Every structure is written in structure tokens, then in C-alpha cells.
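So the structure is just underneath, and the comments pick up after that.
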Amino acid sequence: MASKVLMKGNEAIGEAAMIAGCRHYFGYPITPQSELPAYLAKHMPKRDGVFVQAESEVAAINMVYGSGGTGVRVMTSSSSPGISLKQEGISYIACAEVPCLIVNVVRGGPGLGNIAPAQSDYFQAVKGGGHGDYKLIVLSPSSVQEMADFTVLGFDLADKYRTPVMMLSDGYLGQMMEPVALPEATNIKKYDKPWATIGARGRGQNLISSIHLVPEDMEKHIEHLYKKYAEIEKNELLYEEYQCGDAEYVMVSYGITARICKTACVMAREQGIKLGLLRPKTLWPFPKMPISKLAQSKNVKGFISVELSTGQMIEDVRLAVNGLKPVELFGRTGGVVPTPNEVLTNVKRLFSIK
Amino acid sequence: MASKVLMKGNEAIGEAAMIAGCRHYFGYPITPQSELPAYLAKHMPKRDGVFVQAESEVAAINMVYGSGGTGVRVMTSSSSPGISLKQEGISYIACAEVPCLIVNVVRGGPGLGNIAPAQSDYFQAVKGGGHGDYKLIVLSPSSVQEMADFTVLGFDLADKYRTPVMMLSDGYLGQMMEPVALPEATNIKKYDKPWATIGARGRGQNLISSIHLVPEDMEKHIEHLYKKYAEIEKNELLYEEYQCGDAEYVMVSYGITARICKTACVMAREQGIKLGLLRPKTLWPFPKMPISKLAQSKNVKGFISVELSTGQMIEDVRLAVNGLKPVELFGRTGGVVPTPNEVLTNVKRLFSIK
Amino acid sequence: MGRVIISEETCKGCEACVLVCPAKILKLSEHLNESGYHPVSCVDQSKCTGCASCYRVCPDIVFEVYR
Amino acid sequence: MGRVIISEETCKGCEACVLVCPAKILKLSEHLNESGYHPVSCVDQSKCTGCASCYRVCPDIVFEVYR
Amino acid sequence: MSKKNNKFPLNLVIAGFGGQGVLLAGKLIAEAGLHEGREVSWIPSYGPEMRGGTANCTVILSDSEIGSPVVENPDVLMILNRPSMDKFLPSLKKDGICIYNKSIIEGFTPRSDVKMIAIPASEIADKIGSTKLLNMVLVGSFMANSKAFSEESLAYALKKSTSAKHQNLLPLNEKAILEGAKYI
Amino acid sequence: MSKKNNKFPLNLVIAGFGGQGVLLAGKLIAEAGLHEGREVSWIPSYGPEMRGGTANCTVILSDSEIGSPVVENPDVLMILNRPSMDKFLPSLKKDGICIYNKSIIEGFTPRSDVKMIAIPASEIADKIGSTKLLNMVLVGSFMANSKAFSEESLAYALKKSTSAKHQNLLPLNEKAILEGAKYI
Amino acid sequence: MKDKAKILEEVKTMKKVATRPKCLSDRTFHYCPGCTHGVVHRLVAETIDELAIQEKTIGVAPVGCSVFAYWYFNTDFSQAAHGRAPAVATGIKRSVPGSVVFTYQGDGDLAAIGTAEIIHAANRGEKITVIFINNAIYGMTGGQMAPTSLINQKTQTSPYGRDSETMGYPIRVSEMLSGFEGVKYLSRVAVDTPANIVKAKAAIKKAFQTQLEGKGFSMVEVLSICPTDWGMNVPDSKKWLQENMIPYYPLKEFKAPKAEDAKGGE
Amino acid sequence: MKDKAKILEEVKTMKKVATRPKCLSDRTFHYCPGCTHGVVHRLVAETIDELAIQEKTIGVAPVGCSVFAYWYFNTDFSQAAHGRAPAVATGIKRSVPGSVVFTYQGDGDLAAIGTAEIIHAANRGEKITVIFINNAIYGMTGGQMAPTSLINQKTQTSPYGRDSETMGYPIRVSEMLSGFEGVKYLSRVAVDTPANIVKAKAAIKKAFQTQLEGKGFSMVEVLSICPTDWGMNVPDSKKWLQENMIPYYPLKEFKAPKAEDAKGGE
Ligand SMILES: Cc1ncc(C[n+]2csc(CCOP(=O)(O)OP(=O)(O)O)c2C)c(N)n1
Ligand SMILES: Cc1ncc(C[n+]2csc(CCOP(=O)(O)OP(=O)(O)O)c2C)c(N)n1
Ligand code: SF4
Ligand code: SF4
Ligand code: SF4
Ligand code: SF4
Ligand code: SF4
Ligand code: SF4
Ligand SMILES: [Mg+2]
Ligand SMILES: [Mg+2]
């Protein structure tokens, strides 16, 4: 493993993307993800890559549609309002099965909001902010290291399943610097893409399309997509349990918040409170079974969804717990990030601990 | 009550909007909602109204933002891909508290899909397809009559709560003709709008805005929004129960599908099966308590969410049932609409009835 | 001197070719084709100049022209 | 003959006015204002023509000009 | 809402090419039904967002609230082209009625457990003055066969659905209806 | 992850106007820490998406995995302007250190339960050659006070963070650091 | 039928001067009778055949009546979202630089929702070819006003005729794009008469050649008819195009790579 | 300080010839030192004062460094999404026809993401006034390439300089819009020197007057500096504007309602 370098999360994505073989980036400026395109604008030309600043997020996502359709590894990035603008394109990409990586460095919303970190685009990412029945694989890094690792993973999953992958990050992770061990280029997998639209040389037409005008055909295609999604749910779930073995209370938290929760766990143990943390690394597929198992465990008295929103992931936690145990919310919004102490205090309040 | 006229659902929305005092429409063509703008293009000028065909859905929703900000009753309409494009604007509108009516005549998706009826934009409408924490009031008509009635209701709720309202319809309801008793203009409520941006005559600045750059301010604003949403949940829930009193199995279904389920209920009773239907008329707020009550009733053995999707509303049904009873899905997708017989057959299959 | 081969079944009876044929030898038939259109027919191949104007304006590539 | 009143606290020391004053009487001060800028000052009001060039180019409306 | 022991609810499917007047035919029938105080629903289904496709519509005339506007097995079919015949004939209820334009529909296998009413509708329409009247001929036959409404109600519906500019065409339309009504 | 009985984890907040080099100062400290094998994190917080606002960053140097990169009560503060003093001083841990630029920070109430290190940093920087060196002066003081890393590590970090074009400015920067290091 | 046999016999000794391009599939166009989308398809297909680029061509068709263009062209294809074909084409061309990429867009698509995409692709000088069908209407969705609809033109959304006061003026897209340096070939043609169709073909070929030579962005605006949504028969539609559209949208080669090439014609 | 007292005494007998416009709040601009956003704010405010339209003016500011314009103008305001100000303004003006509506947009905003909105508002002849700040950069987001960035200009996303081959050419927005009939007043000015600022003011006033007279769409493109993201001090920035921007973006009154009005100047 190479020695660690100090990088911003946004830059780590950029570097990892290039290591993963990505040579095509299409995006539009927006804070707090600017370091990513800035990094690529600087480094892509040195590696014969293509960096295009599109005229808008809408154009960018459609460039991704075209580019990904040719089989190259392609990515785009934006932040909340820009991701909203991409929703039509994302729905097309999911339907037409174009592999690509879409990074959302989430900021405070709704509306223009602000550029502080938030997790209030969970529903949009996980349930489908675009129209129609589709899913994205949603990766949630929690450190700069994972920004790099999940970038490589994202490209891999995208190709493996011919599906768009979203990395749901936030303003903190994007902007913060931590030491990173960059992924090794030699570990990158390559995939055949016989479906790519690169010119019909010696074969029939390849087509990238999302129109299925006969309802029965459309339904068949949706069934095909959902079979694929079922495969992904089976194979690609990632999560981390921290001090859950004997936990009486389990926090479910992802991304930057999960780190704050980890510190809160440590603090709790110091106070004799058996607090655990389940951290989804994939938000879709969601760690339903692990949570369900915890819900069935005798130790566990309740769950707390800790998120930077008014309560979005909590619905998935509730669906997993399915009424077996109480599920409470501790959420801060609008870009406010709680301290570990505040998390712990609220866990205690919600379950009247001590 | 005036005598009934035979109208298409899309036209009924148009006529009812004008009766409700709406004189501003901004939209972009898309099937299967074209009859609505066509109707308004024809009739608005006769009533000194403004009909603008915008250059895109994005422009249209932003025109609505500007127009609604001045306090006039304003609407836009589109269908699935077009609604996806409006997500940024909708998030802005919700945040800036601009009252307006947004009609989605849902079609088969994802992607370009087709123009057949579907209910696969449920998540987008109810959970928030746009970024950030916000809610829309979501009305779900089930007949051409309700297309008219809910239009009036939609404008009323929008003004009452200074919030955007979405009417979630589908290709069938939009295109079908049924007799309608048009609403009476005399029943239309009017609201004071001291916040409107119409020029600061004799007062300080009015501002329509969605930027709150200090996280704490943004959080305060989000709390304000969610207090309002709590009010709406308390006051504005609408639903219909059909043969639920003694039901052993309860279908939950909305829009066009609810009608098919009603016929299926009748057929079931003929076969001695105690099948009931709970039809949400508001999808947000969702009839959580009524479903929860049914879940607690001894009669009820299970629920079936019947929807034109791979299963979206079912999550809200499950959250309401909270593990008390099994909740199953019968969904058709891609524009395929099941017959009453098919619904009944599947209810029987899912619960191994007879 | 020319000849045209007309693919009746793909003709939609739009009359575009009728309008431009310099020899005035194209007419819509009385009968309907399977798609419900009156297909064009050439009433006098011997007058055909092989100019291909019909081919050029026909949106449905109903013609093959020989010369 | 003119006079300028300078609102030191709003000046950002950008030098735009210094550049254009025909009388060359505007200079940045040595000291810093509360916002951390060296504010402009007029070193010789008696030479001021009241031309208002400073007012025109100043992005922060630091000047009031009298004539 | 359940089927009473009389002719209502009456479920009708009309199908043909786009442009053959399928949707208008259905609308007239719905309007005529409404005029007689029925509950009615009319629901179209175009070919997909494209040209040159097929179009069909479902009309329900009923004595009580209409639940599903979608019909699996119609009581009556009105078929204007061959592909629609292939598609819809199997769905027709036993003992139902299939009215069709035999001018351009040939070579299919008719069902023996339903009433097949073959009408040279294109020719009749051409004779009256315009191929476009084709749909009216079939509507006439539907009226005569279903007895779902009176001639007057249909005339009323026709008048109501015709724009001021085209009121002069009403007699032709009525003629086509009467010609069609001969086919029972 | 819990606080060991030595100087790490060391939590530092640096705050000032945008443009005063707040973020770079933090980065140097993080690089220096990394160079000595520490776990480090650096997290900025700009004023909102606008100009002329404030900027601050939080740096953690630790011996073990860093959980929350967000710090409620820092061990050390480095303050470059008055608004930041008002905002952050109350959060400083008891017995913590507050290093600040007294050249432009006046009239606030210092805390007595912490170590206040007032440095005429602007003047020092101006004297060395550029107001822009202000941040380096404070970094020097931080190094001297915290002893979180060696002079060599900081020099390494400085060199690494300076573009080829500006390597000639290194001596000036180092001078500023040394000047600052005098304030302990 | 016996006629047909006779002719088949006769032509055996003759030269086939016009027949279906190889690059087109056998599928019958789904367009309305007389719709000139079919003519333009044929011209593009002939061009692809003549330049022998079928195996490296990738077409991009967004929504509009021609959304199913991929049914007809025996080339790779990408079906784009409404208005976004130039962005999709940019993505493709930047990923497969050796390919020939063309978009086939309607006027609602290109001149309304897709305004930003066409302008910026043109300005970037993307090496793609745009076939722009100006039929002064939204065809597919049933006849709404397009940005190119003429003043007083009645459409579904301008039922009293387009009024410049509230709906603005018909946009001359080619004029608007002609100022961009990245645009290397730009021409407006019509497909109303055999002569104009010959010119249109020449323009389309030049546009593709411009791309093949790596020069920059190329576009051909094709004035086209929509009998269905104009509510006219084909002869009247052509007349309407000639009498109303051509005067407002003059046929012209706005830009061509070299002076010698700028003559037009067959 | 005693100086100040003396001057305050002296000026009592003099005429105040230049002071803060009434229409501006007391708040200090948040812009960077030397940023000419402030100058343009003042010119717009003076215009509003002089035309006495403060009570019927509604401003629209989208995202960009000037997103907080509403902090400064004592008029009603609407904060628009990035690029959409012309659409928002359309919604407002169509709803309150008697109002005066202006947008204040950057070049990233107006010429990139908002391309479709500005073109169609202009083409519709919306009776609004657009103040278009061309500073050849995305200011707020930290200095990315704008559609108006010059060839070879180094920005965060063109670190090796803008290359026309891959990034296209700087867009001349005013030239592009000048062809639209709906556009009734259109001018490009600069705010680098007192003289140019006087001209800029005259243009802005004419633009508002055009709206007040109900004539149609009006726009003033203002060449402006961004010392921060250009990485230059203010004097150098002004020089760069003069030596690089003005030659490419010539100062010009493209359109004015009447011939007499077309003279420019104070
Ligand atoms: C986002 C989105 N908005 C609207 C539509 C509906 N739509 C489909 S095609 C079309 C325009 C068709 O007109 P044009 O581009 O002129 O092509 P034509 O059919 O005339 O050839 C529209 C508005 C859509 N599919 N997607
Ligand atoms: C949908 C969306 N995309 C991107 C952004 C980020 N953003 C904010 S302002 C801006 C552009 C600023 O540049 P410009 O319009 O030229 O204004 P300036 O700051 O230079 O005055 C961008 C890209 C956003 N807020 N919303
Ligand atoms: S080739 Fe010429 S002459 Fe012959 S049929 Fe065609 S148009 Fe007429
Ligand atoms: S132009 Fe073609 S489709 Fe039209 S009538 Fe002639 S042969 Fe038939
Ligand atoms: S008014 Fe003129 S002379 Fe006086 S200070 Fe200002 S610029 Fe100088
Ligand atoms: S122009 Fe204004 S802000 Fe700049 S130095 Fe002069 S007074 Fe200060
Ligand atoms: S609607 Fe118009 S453009 Fe579309 S296929 Fe028919 S004639 Fe052609
Ligand atoms: S970044 Fe540029 S445009 Fe923005 S305020 Fe600073 S100088 Fe002005
Ligand atoms: Mg068109
Ligand atoms: Mg700018």
C-alpha cells in the first residue's frame, strides 16, 4: 500500500476515479463539490482524459448518458439543487441501464438553502427522486478514505450490473482533509460491454433507449430491472456494526454523522450506557436484515436514527424493525451538525436513560 | 348544483381552476396532459387570464415561482419526465412558501417510458423528489369529478398554508370523460397575502427566497415548515373507507386503481370474501391512523397495497400497520392496468383465500 | 425512358408523388391497401421518364426507379 | 471646489478611487479599519474639485461629494 | 354497481386506426347515454406517443356508479380495422355483439358464440359523401343493436359535439347513422 | 479513540476572515502532524456561499482513529479577527490556549481560565514583507505552544504545500514562523 | 399484378437509379401520410451509404415524432431525453472520437427545451452533425405551438393564432447559431419539391463531411411539413410551407468550411 | 477626526452632488474589495430613485455573488434559482403587469445554465429589464470558467487556459440576442472608469425606461471585474478588462427604442 496522502474528500474522489480508469467527467460548478471538478480539470488532461464543464446540470447528466452508453467509465458530480435538476436524466439512465457514477455532495436545503453539510437528500437518492420505478445503488462514505474506496467500488458495481451508482456524500466529507491510502490501479476490474454504442461494426444495431411504448414491454423491462435489483440486494449490501454485540440502544447513522455517533458510543460506554451503532455503507441496498436481527435481539431496547434531516432514513429503519422495537429520531437540519455530546444527550433523552 | 357536463379529466381541472380564480398558467406540452393546457389556452384569454407556454418545464416551474410569489393563483401541469425536471423548482417553491398547484398526470416510467397510466411517481410526490426537507400536499383524485373538486381544494389548501400542492393523477383519469358537476364560483375562498411581492408601496420589503445561509437560520425555517406540515397532517387528511367495517382483507389503493379495487370489492362480496378498500384521497398527509386502526381491528387479517408500481405506497402502508398484520403488494407496472377480476384473483392468491 | 416499381403496401396515399410527376402518370387507386390507404399506381409506365421525382418526394420510399 | 466625506468603516481599501482622482488627493491609510482594510483618506481636501469620480468608481459608496 | 338483470351496465369497446373517428364515436355514445340520465364513462387508449398507430376507447353506460372504467370483457365491440379485430374479438363476452367494417376487414375467423354484424361501412360512407363518415355508420348500428338510447338522444349528442363551423355537416352524419342502423 | 493522558488528540480551531490564510494554516498543521505519523483531520467551514465572510477550520491531531471531526471544545484556538474571537473564545476548553492577532483584535474580554497569547501578527508580518504572512506567524506560535510537531515537520509541510512557482517565498514564510514561535 | 410481373421483367435490363438506401431497415415509417420526416430519413441514410460510414455512425434521436428513428437506421443509436440530444451526442463523440455522431431533432425539441444544449454544443464546436426538422409545430404531442410557429399560426396552444405580444416571435435558429465560431457548416433547406430535396441532400452530405474532416459543428435546418397537426392535406401543406415558412425562414447556406464548397446544389 | 468635524462644517453651505441612493439600504455590500457589483448596484438604485419607481419595482436575483442583492435594494425581491431569473421575472410581470421587474444576473447564470430562459424571455419580448454582469468568471463558486471567459483565460476549470478546441469560444450574449425582435433596448457597457460608469448609468436608465414605456425586453450587459477570482488587484483587473474584455466584447448600444434615444452618454 502506498503511503498516505493528505487530501480533501472531493479530491480523493477525483484521484480514485482516475485510478479506476475513469477518463470522462461532465459536470457543472456548484459548492461544496468544486474541488472535485477542479481536481479533474487539472489532472484529466495529463492522462488524456476528457473534462467537460457542461452548460448546466441537465446537460451534464445527458452527456453522461451519451458517454456511459459508449461503455467508457464516466462520472458527474453536483450538490443538492443540481442533483434535483438531474432527476429526469437519472431516471433515463436507470431505465436505459447506463453505468455511471453520480456524486452528490449534499448541502442544506430545501431550495437554495446553504452549503453546509446535510443528509436531507436521502429520500431523493434512495426512493427515487426521478419518475418511475427504478433504483440507484447508493454508497455512503464516512471518511476521506472511503470517498476514494467507494469511488472505485462505485465504478465496479456500475459496470457489473449496468446500472447507475450514486455516492451520497456531504459538504463535510467533501471538504475535509484526511490521509488517504489511494487504491491500486492493478486491482481495478474491467468489464466487457458488447451493448455499447460505438458504431455497428460487424454486428447489428446497439441501442441505448428508455422508451417502451407498449405497456407490456415496459412492464417486462421493469421486471428485468427489478430482478437485477434483487441480485444487488443479495450481493452488495455493506454495513458496519460498532459495539452492537451487547447494545441496548442502537443508533443507525451514515456518512459524517456516523463518525459523530461513533464518538458518542465511546462516550456512552464511559458512562456505562450500552450504545451501539449500525452504519449503512450502502443506503440502497439498505441493511434491512441486520437491523431486523438486532430488533429481534433481546438486548436491544430501541433504535435511534441519527441523521442530518427531519427524518428520512428513519422510515427505512422502521420498515426493517417492523414494529418490534421503538424507533426514535435525532435529527438536525439545515446544515447544523451535532456534536458527539449532543447526540449522546439526545439518545438519553429519547429513551429516558438514567 | 349545475347540470353535469361530460368532460375529460384534464379539461375538468382546467375549468375548475378557472372557477377557483386561477388566471395564471405556465406549462410545457407533454402527453397525456395536453388537454389541460389546450383547454386553458382556449379559455384563459376569454377570462383575461394568462396562458404561457414556457420554453421548458424548468422555465414553467420558475414562472410559477415568480407568479405565485405575487399572490395570484397559479398552476402548472406536466407528466412524469417533465415533473422530474421541475424538482429543483419545487424544492425552491416549498422552501420559499409559494402557494401553487402542480398537476402530474403520471405516465409509465422510468425514462421516457410510455404514455399509459401509472402510479410510479408516488415516492417522488410524497417523499420529495427534490432535495432537502420539505413536503407537498398531494391530492389523489379518483374520478373526473374529483379532478375538478380537488383542483378547487388544491388552490384553497395552497393559499391556506402558503404551500405547494400537487395533484397526482394519471393518464387514465386525465383522458377519460365522465359527467362532472362543476364547482360553484361562489364557494371559492379568498386569502389575504400580505407577503406578496407586488411592489413595496407603503411598507417594507417583501421577499420570496429560499436561501438561509446560516445553518441555524435554515434549521429554524425548516422547523417552521414542519410545524405547518404538522398542522396540515392534523387538519387536512382525506380518505374513504369502502366495505371496511367487517373486512378481513383491506386493500389500500388510490386514484384510478381504487376504482378498479371497488369493483373487485363488489365481486369479492359476491364470492363471500370480506374484502374492503381504504382509499387515500390525500397521499400526503397519508391516512396513517385509519390504517393503523384497521390493523388493530380483530377482523382484519391483512392488507394489500394495490398500485401501478413495483411497490411505493406499500411502504407507507407498512409504516402505518407497523408489523401488526401482513401487508402484501399487488402491483402492475409500465402502464399496464389490471382488471377488477385480476385484482381479486391476486388478493386471493396473496392470502391463499379459498 | 424509365420504369417505376411501386410497393403498394407501404404507400400511404399522400399524393406527394402525384403532385410532382412530370409525366402525370401517377394516380391514387380506388382500392385500399391493408393499412387503409388508397395506394398510388402508375397508369402508364411507358410515359415514365425515370426522372425519380416521385422517389425524391415520397416520404415512404415506395418507389424504385429504373432508367 | 469640492469636498468629500469618507465613511472609513465601509471602505475596503481597493484603491479604485485612488486610481481615478484627478487631484491625486486620495491615499490608503496606514491603519486598519474594523474589517481589516486600510481605508482611504483624503490628504488635501482643498484640492478636491468635487468631480465625483471617486464616488463613481467606488463600489462601496464610501464617498459623499459636495460642490 | 353489480350487473343488474337488464342491459346496463353496458360495456363497449371501439377500436381502429387513429384518424378513423374511433374516439368521437365513443364520445357520441357517452353523450347520448348521459342525455338519458345514465352514468357514463369514456376512456381512450391511443397507440403510444406516436403516429400511425391504433386507437381505441371504452365506453360504459350504467344505471349506477361506475367502478372500474376498465373493461375486460365488453358486451359490444365496434371494430374499424383488421389489427383491432384480432386484438379485441377474443375478449368479447359470449353472446355479445361485434359490429365491424367489413370493407377493410377480411380474412379473420369470426366467432360463432357472438353476434357478428358485418357492415360495408367504408363504402356506405363514401357513397354518402366522405370516408370520414365511417364511424357514424357503425354508431348507427350500435344504436339499433344495443337500444341503449334513442335516436333523439344521439342526434342531441351529435349536435352538441359538432362545432358551430361544421353544423352544416349534421345531415350527412345523421344519414350515415340511419344507414348504419339498418344493420342489426 | 478516547482522550489519552497525553497531548493527543489535540483539537484546534483556526478562525478569521476569508483571505487571511486560515485554511492554509490549518492544512500546514495537519500535514506536519501526518508527517509525524499521526491520524489527522482538517475540516473547513467557510462563510456561506458568499464573499467577504468569515472562514474557519478545525484540525485534529490524534494517536488513534478520529471519530467525530467536529469539535465542540477545542484545546487550542487561533484567532485572526474580532468576530471570530467573540464566536469561538467561549468554546475553548478550560486551560486551553488562545493564540490571536492582537493587531486587529481589540476590546474583547479575555478569559482568565485559559492561556491568552496576544501577538501583533499583522505588524510582524508587514515587517517581514507582506501582511499575507500573518497566518504563518500564528502557526509558529501554535507550534511552539502545542509542541505537536517539530520544526522540521512544519518545514516539510510548508515546502510540500507551496507550489513550485512560490518556492522562493519559503524563507519569508519560515521567518514568519520563527517570529511567531517566540510568542509562548 | 400481371402488370407488376411485366415491369419486373422489363427492368432487368435497366439501371436502378433510385432505391431504398442500404442503411435503412425494411420497417415502414410510422409517420403520417406525406410527413417529410420520411424524406429526411432517406437523405440521411443515403449520405451514410455514400460516405460509407454506417459502421461508425451513432445516431441520437430525442423525443418527437422521430423518437423511433432507431427503428429505421441500421446504425447504433441513442434515444435521448427531450431537448438533450446535443448533450448526449457530446457525451458520445467525446468518448468515441473516431465516430460520426448525428442528432435528429424537432423544432420543439431543439428550439424550446433544448435551447441551451444546442447553443452550447454549437459554441463548443462539437464535432457532431445536427439534423434540425423545423415543421413549425410540436408534432408528436398533437400540435402545440413551437418556437418556430409563425405569427398568427393557429395551434393547440395558440388557438387564436400566435400573437407576438404575448408569445413572442418565431425564432430563426440558424441565424442565431450562425454567429458562433464553433459552427463550421450551417444551412437551411426545404424538402417540399424534388429540386429542394436534391439541395437538402447536398447540404446534409456537406454537414457530415464537415464532421468527418474534424472541422467542428455542423447543422442542417430542414423546413418540413406536418400535415396532421397543421390540419391540411399534403398539397396544401407544401403550399403553406412555400408561401409562409420560406419567406420567413429563407433557404440559405449560412456557413461552409471552404469557399468552393459553398455553392450548394447537387 | 477633527478633520472630519471641520469638513462637516464646510459642506453645510455646499451642494451635495453625490451620495448614497435612497433606494439602497444602509447595509455594507458583502462583495470583495473593488468588485464592481457594488458600482452596478448603485447605478440601478439611482435609476430607481430618479424614475421614482421604488414602490412598484420587484427585483429578481438568482444565485451568484449577487444572490443577496435583496439585502441592499429597498424594493420587493424574489430570489431565483440559478439561471432562472428571466422565467421568475416573467411570472412576476405577467401577474403584476403594472410593476417594474428587473433581473440581476451573472454570466455563469445567464449565459450557461440560464441560456434557454434568457433567450426565450428576450424572444417573447417580456417587459422586463435584465442587468447582466459579465465578469468572465463564476465568481461565487470560486472562479470556474464562464461561457464568457476569454480564450486562454485560466480559471479553476480551465487551469491551462480556455482552449477553443475543447471548451468553445467566449459567447457574445448581446450580439446573440440583438437579432430578436422582442428585444427593444440592448447595450453593452463597462464600469471600469468614471466616464464608462456614466455611460453605464445612462444605459441602465434607458433600459428601465423601455420597460416603463411597455415596449418590450431590455438588457444592459455590464463588463465587470472580479479581482478575487481573476487573482489580480483592482488596478490590474481594470487593465485586464480594458485590454482583453473590451476588444472582444465591444461597448455598443445594440438597440434602442427610438433613433433619438440611441446616442448614449449621460
Ligand atoms: C421532458 C419532456 N417534456 C415534454 C415531453 C413531451 N414531448 C414529446 S415530443 C415533444 C415535442 C415534439 O415536437 P418537435 O420536437 O417539434 O418534434 P416533431 O414531433 O414536431 O417532429 C414534446 C413536448 C417529453 N417527452 N419530455
Ligand atoms: C442549480 C445550481 N447549480 C449550480 C449552483 C452553484 N452556483 C451558484 S452561483 C453560480 C455561478 C456564479 O457565477 P455568475 O453567474 O457568473 O455570477 P458571479 O458570481 O460571477 O457574479 C453557480 C454555478 C447553484 N446554486 N444552483
Ligand atoms: S420517375 Fe418521374 S416520370 Fe416516372 S413516375 Fe416517377 S416522377 Fe413520374
Ligand atoms: S408519395 Fe409515396 S406514400 Fe405518398 S402517395 Fe406517393 S407513393 Fe404513396
Ligand atoms: S471628488 Fe474628484 S477630486 Fe475630489 S476626491 Fe473625489 S475624485 Fe478626487
Ligand atoms: S474605491 Fe471605495 S472602497 Fe475602494 S478604496 Fe476607494 S473608498 Fe475605499
Ligand atoms: S404529427 Fe406531423 S411531424 Fe409527426 S408524423 Fe405526423 S405529420 Fe409528421
Ligand atoms: S468573487 Fe468576484 S464577483 Fe464575487 S464578489 Fe468577489 S470580486 Fe465580486
Ligand atoms: Mg416539430
Ligand atoms: Mg460571473
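In what follows, chains carry the letters A, B, and so on, assigned in the order in which the sequence lines appear, proteins first and then strands, with residues in each chain numbered from 1. On a predicted model such as this, the values are computed, not experimentally measured, just so you know.
Residue contact with chain B, scored on non-hydrogen atoms closer than 4.5 Å, involves the side chain of A:Ala116 exclusively. Only the side chain of A:Gln312 comes within contact range of chain B, judged by heavy atoms closer than 4.5 Å. Neither the backbone nor the side chain of B:Asn104 has a heavy atom closer than 4.5 Å to any heavy atom of chain A.
Of all residues spanning residues 81-90 of chain A, those with a heavy atom less than 4.5 Å away from chain B's heavy atoms are A:Pro81, A:Ser84, A:Leu85, A:Gln87, A:Glu88, arranged by number.
Side-chain N/O atoms of B:Gln33 and B:Ser79 include no donor and acceptor closer than 3.5 Å. Using modelled atom types and a 3.5 Å distance limit, the side chains of B:Thr197 and B:Asn206 yield no donor-acceptor pair. Checking A:Asn62 against A:Tyr92 by side-chain atom types alone, no donor-acceptor pair falls below 3.5 Å.
Of all the listed residues (A:Asn322, A:Ile93, A:Asp217, A:Thr310), the one sharing the greatest number of non-hydrogen pairs under 4.5 Å with chain B is A:Thr310. Taking chain B as the reference chain and counting heavy-atom pairs below 4.5 Å, the highest number among A:Gly128, A:Ser80, A:Gly108 is found for A:Ser80. Contact tally against chain B (heavy-atom pairs below 4.5 Å) for A:Glu219, A:Lys127, A:Glu223: the top residue is A:Glu219. Per-residue counts of heavy-atom pairs under 4.5 Å with chain A were compared for B:Glu57, B:Glu315, B:Arg318; the largest is that of B:Glu315. The candidate with the highest count of non-hydrogen atom pairs below 4.5 Å against chain A, out of B:Ser309, B:Ala96, B:Gly129, B:Gly335, is B:Gly129. Most heavy-atom pairs under 4.5 Å with chain A: of the set B:His221, B:His212, B:Lys220, B:Gln119, this distinction falls to B:His212. Of the listed residues (A:Gly323, A:Pro117, A:Gly311, A:Pro215), the one with the most heavy-atom contacts under 4.5 Å to chain B is A:Pro215. Contact tally against chain B (heavy-atom pairs below 4.5 Å) for A:Ser210, A:Ala118, A:Ala125: the top residue is A:Ser210. Heavy-atom pairs under 4.5 Å with chain A were tallied for B:Asp121, B:Asp133, B:Thr333; the largest tally goes to B:Asp133. Top candidate by heavy-atom pairs under 4.5 Å with chain A, chosen from B:Gly109, B:Gly113, B:Gly130, is B:Gly113.
For the pair B:Gln124 and B:Val106, the minimum side-chain heavy-atom distance is 4.5 Å or more. When side chains are defined from C-beta on, A:Met218 counts as touching B:Pro110, because their heavy atoms get closer than 4.5 Å. A:Ile30 places a side-chain heavy atom less than 4.5 Å from the side chain of A:Arg107. Proximity of B:Ile208 to B:Val98: side-chain heavy atoms (C-beta onward) are separated by under 4.5 Å at one or more points. Proximity of A:Arg162 to A:Trp195: side-chain heavy atoms (C-beta onward) are separated by under 4.5 Å at one or more points.
With respect to A:Glu307 and A:Arg332, no salt bridge is recorded, no charged nitrogen being found less than 4.0 Å from a carboxylate O.
Taking a 6.0 Å sphere around NZ of A:Lys288, one finds it holds 12 or fewer heavy atoms contributed by other residues, nucleotides or ligands.
With a 6.0 Å cutoff to the six-membered ring centre and a 45° limit on the axis angle, B:Lys228 does not count as a cation-pi contact of B:Tyr161.
Between B:Tyr229 and B:Trp284, the two ring planes are perpendicular [angle over 60°; tilted spans 30° to 60°].
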